[in-house]
Student: 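One structure, as structure tokens, below. Some questions next.
Basis for what follows: all heavy atoms, side chains included, without hydrogens, waters or symmetry-related copies.
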Amino acid sequence: MYDKMQAFLKEEIAGIREAGLYKNERIIVTPQGAEIRVNSGAEVLNFCANNYLGLSNNPKLIAAAKEALDTHGYGLSSVRFICGTQDLHKKLEASIAEFFGTEDTILYAAAFDANGGVFEPLMGENDAIISDALNHASIIDGVRLSKAHRYRYANADMADLEEQLKLAQAQRFRLIVTDGVFSMDGNVAPMDKIYELAQKYDAMVMVDECHSAGVVGETGRGVTELFNLRGKIEIITGTLGKAFGGAIGGFTTGKKEIIELLRQRSRPYLFSNSIPPVVAAAGIKMFDMMAETNELQDRLHENTTYFVEKMLQAGFDIKPTRSAICAVMLYDAKLSQDVAARLLDEGIYVIGFYYPVVPKGQARIRVQISAAHKREHLDKCIAAFTKVGKEMGVLKG
Ligand SMILES: *Cc1c(COP(=O)(O)O)cnc(C)c1O
């Protein structure tokens, strides 16, 4: 059989290459950070990691992880409900709930699993899930696993959401679900209006804070802080793999009965291993640090404001952002690849995105700002963009 399958796979792969969609992976030989080295030996400034708070290589987190290796071992060899729960896991869950101002938290191996395991146990065939069209793949997959009626509204389009909510009045329970920050544009979901509509049409709200937690809001508490909705949103999902240290791990946090039922019924929780103690311990340390000081958030916000301002002054077309994601619009797919390649020559590591990751004719370079970026890193990035932008004729004015 496999020879037939093999021929088929080779053809599929060739098709991906021909379409110019083949993903090559660059190999980093240093820890993740603002300055990295790749296996060719090149030293570059990294502007494409989700390392928003610069914690991926933080000495305090590394020390906490090392200590946990000695006190709690390497792995749990069990799911949580059999014998995979340590004091560290419970403490981390409590830290997450405190950070978000929620009642309880359940950990998963990744946010992909949190989103994959949240809908099916809660929303049945008599219920409705109303989902933003640009929600993350893991939400889309998770919704597919549930028997609930599905409604979709155009990205952040409140008139459309209202239409869908009207249609969904036919069902018993309604859940509106949205990303907090949409990763390709950097725009924030209009949570204030979403919440209002939820009140008006008797719905619950779920927000995925993967790109917003640690980043958005004065103290990085995410979109519920930005829109003054702490404690009011029923379900929040998030990751430990982005701003919060960047290792691995996901969570769902919110109303306690929801979390309690997820512990009983959520399949990625019941049938997948516990996160390693080192990850739990570093996570606890990270939330302790967040409670002590707002230094990293302040620096991130300062860096983002500075970068966007300078890039606009230089004549770049930047999507309005309220996160640490800056979409530098180039529109043409090939141009986005050429500009990214030229920037790499200049020592700036960024990625160009084009269809089907973004709509046709909306190609861009996504720059991700970090608290780890020093002023000189930002200046070097802006100078490189400006040089390449002039060369390629993409600057306005
Ligand atoms: C990154 C991301 C995820 C997946 O997070 P992992 O913990 O890496 O699985 C889920 N949702 C959104 C919106 C994300 O950006």
Student: Could you tell me whether the side chain of Tyr195 reaches within less than 4.5 Å of the side chain of Phe227, counting heavy atoms only?
Tutor: no

Student: Is there a path of hydrophobic side-chain contacts, each under 4.5 Å between heavy atoms of I/L/V/M/F/W/Y residues, joining Leu330 to Ile382?
Tutor: yes

Student: What I'd like to find out is whether the side chain of Tyr151 reaches to under 4.5 Å of the side chain of Ser131, using heavy atoms alone.
Tutor: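 With C-beta onward as the side chain, the pair stays apart.
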
Student: Where do Cys210 and Asp208 come nearest, in terms of heavy atoms and distance?
Tutor: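 That closest heavy-atom pairing would be N-OD1, 2.9 Å.
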
Student: Is the shortest heavy-atom distance from the side chain of Ser266 to the side chain of Tyr108 under 4.5 Å?
Tutor: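 Of all side-chain heavy-atom pairs linking Tyr108 with Ser266, at least one is under 4.5 Å.
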
Student: Are side-chain N/O atoms of Thr85 and Arg80 paired as donor and acceptor at under 3.5 Å?
Tutor: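 Yes, side-chain donor-acceptor contact under 3.5 Å.
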
Student: Indicate, with yes or no, if Ile129 and Leu165 share a hydrophobic cluster defined by side-chain heavy-atom contacts under 4.5 Å among Ile, Leu, Val, Met, Phe, Trp and Tyr.
Tutor: no

Student: Will you find, in the side chains of Ser212 and Glu209, an N or O donor that is under 3.5 Å from an N or O acceptor?
Tutor: yes

Student: With a 4.5 Å heavy-atom cut-off, do Ile235 and Ile258 have their side chains touching?
Tutor: yes

Student: In terms of side-chain geometry, is the basic nitrogen of Lys256 or Glu260 positioned less than 4.0 Å from the acidic oxygen of its partner?
Tutor: no

Student: Is Leu335 reachable from Tyr355 through a run of I, L, V, M, F, W or Y residues, each pair having side-chain heavy atoms under 4.5 Å apart?
Tutor: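 Result: no, two separate clusters.
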
Student: Can you tell me how far apart NZ (Lys193) and CE (Met158) are? Round to the nearest 0.5 Å.
Tutor: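 Taking NZ in Lys193 and CE in Met158, the distance rounds to 8.0 Å.
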
Student: Taking His89 for the side chain and Ala280 for the main chain, is one N or O donor matched with an acceptor at less than 3.5 Å?
Tutor: no

Student: Measure the shortest side-chain to side-chain distance between Val394 and Phe316 over non-hydrogen atoms and say whether it is less than 4.5 angstrom.
Tutor: yes

Student: Of the non-hydrogen atoms in Ile348 and Ala384, which two are nearest, and what is the gap between them?
Tutor: CG1-CB, 3.6 Å

Student: Does this structure show an ion pair linking Arg342 with Asp345, if we count only N-O contacts that are shorter than 4.0 Å?
Tutor: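 A salt bridge is present here (some side-chain N lies under 4.0 Å from a carboxylate O).
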
Student: Counting only heavy atoms from other residues, nucleotides and ligands, does the tally under 6.0 Å from CD of Glu98 exceed 12?
Tutor: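 No, the 6.0 Å shell around CD holds no more than 12 heavy atoms from other groups.
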
Student: What's the verdict on side-chain contact (heavy atoms from CB on, under 4.5 Å) for Val118 and Tyr269, showing C-alpha distance, side-chain angles and the deciding distance?
Tutor: CA-CA 10 Å; Val118 70; Tyr269 182 81; over 6 Å; no

Student: If you count heavy atoms of other groups shown closer than 6.0 angstrom to CZ of Arg172, is the number above 12?
Tutor: yes

Student: Hey, is the main chain of Gly352 close enough, under 3.5 Å, to the side chain of Ser336 for a donor-acceptor pair?
Tutor: no

Student: Does the Asn50 side chain pair with the main chain of Gly246, one donor and one acceptor, at a distance under 3.5 Å?
Tutor: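 No.
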
Student: Sub-3.5 Å donor-acceptor pair from the side chain of Asp157 to the main-chain atoms of Asp160, do we have one?
Tutor: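 Answer holds: yes.
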
Student: What distance do Gln264 atom CD and Ile106 atom CD1 have between them, rounded to the nearest 0.5 Å?
Tutor: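 So the gap between those two atoms works out to 9.0 Å.
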
Student: Hey, are Arg174 and Asp127 close enough for a salt bridge, meaning a charged N less than 4.0 Å from a carboxylate O?
Tutor: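 Answer for the salt bridge query: no.
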
Student: Cationic tip of Arg230 within the cone over Phe100's six-membered ring, i.e. under 6.0 Å and within 45° of the normal?
Tutor: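 Geometry flag: not set, cation outside 6.0 Å or 45°.
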
Student: Just by distance, do the side chain of Thr304 and the backbone of Ala324 share a donor-acceptor pair under 3.5 Å?
Tutor: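 The answer is no, because no donor-acceptor pair under 3.5 Å joins these two groups.
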
Student: Any chance you could lay out the side chain to side chain donor-acceptor pair (under 3.5 Å) test for Asn51 and Ser370, step after step, and finish with the verdict?
Tutor: CA-CA 6 Å; Asn51 186 19; Ser370 168; 4.6 Å; no

Student: Take Asn58 and Met289 through the test side-chain contact (heavy atoms from CB on, under 4.5 Å) and record every step on the way to the result.
Tutor: CA-CA 11 Å; Asn58 181 280; Met289 283 160 54; 3.8 Å; yes

Student: Using only heavy-atom distances, determine whether the side chains of Tyr354 and Gln337 contain a donor-acceptor pair under 3.5 Å.
Tutor: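 No, because no side-chain N or O of Tyr354 sits under 3.5 Å from a partner of the opposite role on Gln337.
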
Student: Run Phe244 and Phe287 through ring-ring contact (aromatic ring centres under 6.0 Å, His included) and show every step you take.
Tutor: CA-CA 8 Å; Phe244 292 156; Phe287 284 108; 4.9 Å; yes

Student: Is the side chain of Asn135 donor-acceptor paired with the backbone N or O of Val177 at a distance under 3.5 Å, no angle test?
Tutor: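 Answer holds: yes.
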
Student: Working to the nearest 0.5 angstrom, can you tell me the gap between Ser146 OG and Leu175 CG?
Tutor: 9.5 Å

Student: Is Arg267 salt-bridged to Glu120, going by a charged N under 4.0 Å from an acidic O?
Tutor: no

Student: Same cluster or not: are Met286 and Ile96 linked, directly or through other Ile, Leu, Val, Met, Phe, Trp or Tyr residues, by side-chain heavy atoms under 4.5 angstrom apart?
Tutor: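 Looking at the clustering, Ile96 is in the same group as Met286.
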
Student: Check the pair Tyr201, Glu162 against side chain to side chain donor-acceptor pair (under 3.5 Å), reporting the backbone distance first and the verdict last.
Tutor: CA-CA 8 Å; Tyr201 290 96; Glu162 184 157 16; 2.5 Å; yes

Student: Nearest 0.5 angstrom please: Asp179 CG to Asn155 CG, how far?
Tutor: 9.0 Å

Student: Tell me, with the steps shown, if Asn303 and Tyr52 meet side chain to side chain donor-acceptor pair (under 3.5 Å).
Tutor: CA-CA 11 Å; Asn303 282 353; Tyr52 296 121; over 6 Å; no

Student: I'd like to know if Arg299 and Glu302 make a salt bridge, using a cut-off of under 4.0 Å between side-chain N and carboxylate O.
Tutor: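 No, this pair does not count.
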
Student: Does Ile259 reach the side chain of Thr105, with side-chain heavy atoms less than 4.5 Å apart?
Tutor: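 No, side chains not in contact.
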
Student: Could you tell me whether the side chain of Met204 reaches within less than 4.5 Å of the side chain of Ile233, counting heavy atoms only?
Tutor: no

Student: So, for Cys326 and Val308, which heavy atoms are closest and what is the spacing to 0.1 Å?
Tutor: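 Heavy-atom minimum between the residues: SG-CG2, 3.5 Å.
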
Student: Are Leu92 and Leu240 packed together at the side-chain level, in the sense that at least one heavy-atom pair is separated by less than 4.5 angstrom?
Tutor: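 In contact.
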
Student: Working note: Leu45 + Ile36, criterion side-chain contact (heavy atoms from CB on, under 4.5 Å); need CA distance, chi angles, decisive distance, verdict.
Tutor: CA-CA 6 Å; Leu45 294 182; Ile36 54 169; over 6 Å; no

Student: Hey, is Arg364 close enough to Asp317 for a salt bridge, meaning N to O under 4.0 Å?
Tutor: no

Student: Applying side chain to side chain donor-acceptor pair (under 3.5 Å) to Asp87 and His72, what does each step give before you reach the verdict?
Tutor: CA-CA 9 Å; Asp87 51 347; His72 287 75; 2.8 Å; yes

Student: Nearest 0.5 Å, what's the CG-CD1 distance between Leu88 and Ile284?
Tutor: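 The CD1 atom of Ile284 is 4.5 Å from CG of Leu88, to the nearest 0.5 Å.
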
Student: Kindly say whether Gln32 contributes a backbone atom to a donor-acceptor pair with the side chain of Asn57 at under 3.5 angstrom?
Tutor: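 Side chain of Asn57 to backbone of Gln32: no pair is present.
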
Student: Between Thr253 and Asp104, is a side-chain contact (heavy atoms from CB on, under 4.5 Å) present by the stated rule, with each step listed?
Tutor: CA-CA 6 Å; Thr253 188; Asp104 198 5; over 6 Å; no

Student: Which residue is it: Thr237, Thr252, Thr239, Asp141? I am looking for the one with a side-chain hydrogen bond (donor to acceptor under 3.5 Å, both in side chains) to Asn115.
Tutor: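 Checked Thr237, Thr252, Thr239, Asp141 against Asn115; only one passes side-chain hydrogen bond (donor to acceptor under 3.5 Å, both in side chains): Thr237.
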
Student: Exactly one of Gln368, His136, Arg366 should register a side chain to side chain contact (heavy atoms under 4.5 Å, CB included) with Ser183. Which one does?
Tutor: Arg366

Student: Any side-chain donor-acceptor pair under 3.5 Å between Asn46 and His373?
Tutor: no

Student: What distance separates Arg144 CZ from Ile140 CD1, expressed to the nearest 0.5 Å?
Tutor: 6.5 Å

Student: Salt bridge check, Lys380 against Glu35: does any charged N sit closer than 4.0 Å to a carboxylate O?
Tutor: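 No, Glu35 and Lys380 are not salt-bridged.
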
Student: With a 4.5 Å cut-off on side-chain heavy-atom distances among I, L, V, M, F, W and Y, is there a chain of contacts connecting Val328 to Val44?
Tutor: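 As far as the 4.5 Å side-chain criterion goes, Val44 and Val328 are not connected within one cluster.
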
